[in-house]
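What follows is a single structure, written as structure tokens, with notes after it.
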Amino acid sequence: MLAYIVRRVWQMVPTLFGVMLLLFVLFNWVGGDPSYILAGKNLSAEALAGIRQQLGLDLPLPQQFLIFVKQVLTLDFGTSWSTQQPVSALLHSRIGPSLLLTGSILLLGTVLAIGIAALVAYLHGSLTDRLVTLIATCAMSVSALVYIIAGQYWLAFKCGWFPIMGWSDSTLDNLLHYLPLPLLLGVIVGLAPDIRFYRSCFVEELGHDYVRTARAKGLSEPVIMLKHVLRNAMIPVVTSLMMSLPYLMMGAMLLETFFGIPGMGKEVVMAVERSDFPVIKAITIYIALATMLFNLLTDIVYKLIDPRVQLH
Amino acid sequence: MPHTSAPPPAAPHHHNSLTRIGWRRLRRDRIGFAALCIVGAYLLLALAAWSGLVASHWQDEVAHPYAPPTLFAGSAPHHLELNAADIDAADRRATSAAALDGSGATGLSADEDPLAADMAAAQQQAAQYRGAEQTRADSLPLGADQRGRDVLQKLLQGSATSLQVGIAGALLALGIGTVLGALSGYFGGLLDDLLMWGYSVFTSVPDMLLLLAFAAVSGRGIGTVVLVMAFTSWTGTFRLMRAEFIKHKGREYVRAADAIGAGHARRMFHHILPNVSHLLLVQFSMLTVALIKYEAILSFLGFGVGVTQVSWGAMLAEAPAELLQGYWWQMLAVTLCMSLLVTAFSLLSDSLRDALDPKVK
């Protein structure tokens, strides 16, 4: 196991290098000269030259790439071009709200989806099953944007049950006051595809021979469902759940933008709007690292919950 | 009555290709066939809008701002609007008041006001350019937007744009993924390692973040969006095609092709590709749906199609401000139109997968 982990971590090095190369090509080559953006209105030759020198843009490209590699290795991405805050401090303050929002969405959404999916799969073929599947299919086809726009308008603006937008410094205030509506909308958006996917996992397990055997030896239905089927169906469920963990860091971009939650997702959107390259680069590197780590963790968890899996 | 009955025609000899079997199964699948018809109708509409047959005048301001849909003309929120005649009347009132007591809006008489001559000249010039007042409709089938444009025309044009972006992006992504996957799976070795490295790089960044990073350095516009989406979403097809080519390259028919002297390219794209193309069809259908949804989000955030183009995302971007004032029709129209297509496409993907599954007889 340890050897496996070490080898996998070692394999991340070329991937991380590739991500750095991709970002470098994107932002230093395709993206053109950012000094025009930064200079703004005082567009004099000296100002441009000064900015280029400050950013190291007058250096040859390989040397610029080395600077970027050094930034990644030290996890020090300099200062944001638009706010002049250090990027690391900026991201540090953004990760909390994102984790709170996406974490609670993931938790509540998964519990609800597994519960409904297990129930529907148990009744599969019945009217309830077909109705839920139909509703889920229709619900999936509506853009997430529509749910958020409509939810914010009716639940917050028209009915006044929730604040329209905002975020506070106190976690308790956030939990009680600002979190519920984005949480509700996030769960609604994610519920339909989750139910459909989990249902198919459960239905597949229900068709296996061991279920018939369990029934034949007289086990009660709850025991069959909860003890036998659930454990086996959890394998793909846990895998998909683990794969969605990197998105925790990324935050819910649309929800954060709509509800003014100062998280990572909103930061990404604002950074793209302002062409704030250091922030985009830093977030991408962090998310890529997280994705690679969580992929490794997924494989390990996979092994733990399914002893038949061979790691190699 | 003498009747020369012809012998029953010999049953036509079908070589039962998978495409033919699949087509027959799809036609028998009522839901799948209905979905195919809906998607086909959208495609025809998009082609018509694209070639300028319908909705080419979507930018014309044909109605009053926020003119309601015809069915709801009575119950819709009222929109107060000042037109040129109102402004003229107000101007005239002000000038006549100024002539009476020597004080206009500025509180100065004409000889005291240093700008009076300039203002008069400017008003004269403005009068030259004032076009004939267009008669504007009070209501339209699907209502009007803030500038009085017909929502129905916008919807048609927007559907064409969204479909164009989704289909072109999916085709391009499919092309990249297929070629790279074929090379990787067929040749293996160093090339495979290199391409797998590229794959792991692109999959280690979430799609949406990658899209935004590409969008940050490129401009707006349909072409850019298509390219950005293709560059970020080829990975699924790549993995699928690589696995298929690894599986197929050792099969007997490929070795037979090798024996009769078919080159690598011929073996890859003439012999193997048709045998895996049914997977590509399903992949294409799923990718198109995903890209249409991505396009809506990108355009909504302002990183998608240009400001002179309209798409479903661009129309949804106008929705929050409209809803606040009670104008719900544009959002409802886009939502229904988009949901219908996405549902049809998803159902079609499912049906295609079932119909083209070679294991089911």
Side-chain angles (χ1 to χ4, degrees), chain A residues 11-12 14-23 25-32 34 137-146 148-150 152-154 157-158 246-247 249-250 253-254 257-258 264-265 268-269 271-277 280-281 283-285 287-292 295, chain B residues 31 193-194 196-219 231 289 292-303 312-313 315-317 319-324 326 328 331-332 334-336 338-347 350:
Chain A
Q11 280 169 359
M12 287 177 196
T15 309
L16 185 64
F17 178 78
V19 174
M20 288 194 277
L21 204 62
L22 178 68
L23 285 177
V25 168
L26 265 186
F27 288 104
N28 289 48
W29 191 47
V30 182
T137 310
C138 293
M140 267 169 79
S141 70
V142 178
S143 170
L145 286 166
V146 173
I148 302 174
I149 296 173
Q152 196 178 28
Y153 174 69
W154 269 292
F157 177 72
K158 272 272 160 166
Y247 292 87
M249 274 185 69
M250 166 104 177
M253 205 176 59
L254 287 176
T257 313
F258 269 94
M264 294 283 264
V268 173
V269 174
V272 174
E273 261 170 18
R274 298 165 171 169
S275 301
D276 199 340
F277 292 174
I280 308 175
K281 284 200 259 189
I283 292 181
T284 313
I285 291 284
I287 305 278
L289 274 174
T291 311
M292 288 186 271
N295 282 349
Chain B
I31 294 179
D193 289 342
L194 192 71
M196 275 309 277
W197 173 65
Y199 169 80
S200 67
V201 168
F202 272 81
T203 46
S204 66
V205 183
D207 285 354
M208 204 62 218
L209 188 58
L210 204 57
L211 275 177
L212 284 180
F214 272 80
V217 294
S218 54
F231 281 139
V289 173
I292 285 175
K293 285 184 171 175
Y294 277 148
E295 189 278 332
I297 293 177
L298 271 187
S299 292
F300 180 86
L301 291 173
F303 311 127
W312 287 335
M315 289 174 82
L316 279 179
E322 289 180 355
L323 264 190
L324 276 183
W328 44 267
M331 174 163 158
L332 187 71
V334 178
T335 307
L336 291 180
M338 184 171 171
S339 310
L340 184 63
L341 179 71
V342 171
T343 312
F345 245 123
S346 325
L347 292 175
D350 290 351

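We name chains A, B, ... by the order of the sequence lines, and we start the count at 1 in each one. Values below: all heavy atoms of this structure, side chains included; hydrogens, waters and symmetry mates excluded.
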Highest number of heavy-atom pairs under 4.5 Å with chain A: which of L324(B), L347(B), L316(B)?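 Most heavy-atom pairs within the cutoff with chain A belong to L324(B).
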Which answer fits [X], side chain, backbone, both or neither, if we ask what part of it has an atom under 4.5 Å from a heavy atom of chain B?
| X | value |
| --- | --- |
| I149(A) | both |
| Q11(A) | neither |
| A144(A) | neither |
| I148(A) | neither |

Which one of D276(A), T284(A), T137(A) has the most heavy-atom pairs closer than 4.5 Å to chain B?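 Result: the option with the highest number of such pairs is T284(A).
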Is any side-chain heavy atom of V205(B) closer than 4.5 Å to a side-chain heavy atom of T291(A)?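 V205(B) vs T291(A): side chains apart.
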Are the side chains of L212(B) and I280(A) in contact, using a 4.5 Å heavy-atom criterion?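 No, side chains not in contact.
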Tell me, side chain or backbone of [X] under 4.5 Å from chain A's heavy atoms, or both, or neither?
| X | value |
| --- | --- |
| S346(B) | neither |
| T203(B) | backbone |
| D350(B) | side chain |

If the condition is side-chain hydrogen bond (donor to acceptor under 3.5 Å, both in side chains), which residues does T343(B) pass it with, not counting sequence neighbours?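 Once residues adjacent in sequence are excluded, the partners of T343(B) under the side-chain hydrogen bond (donor to acceptor under 3.5 Å, both in side chains) criterion are S141(A).
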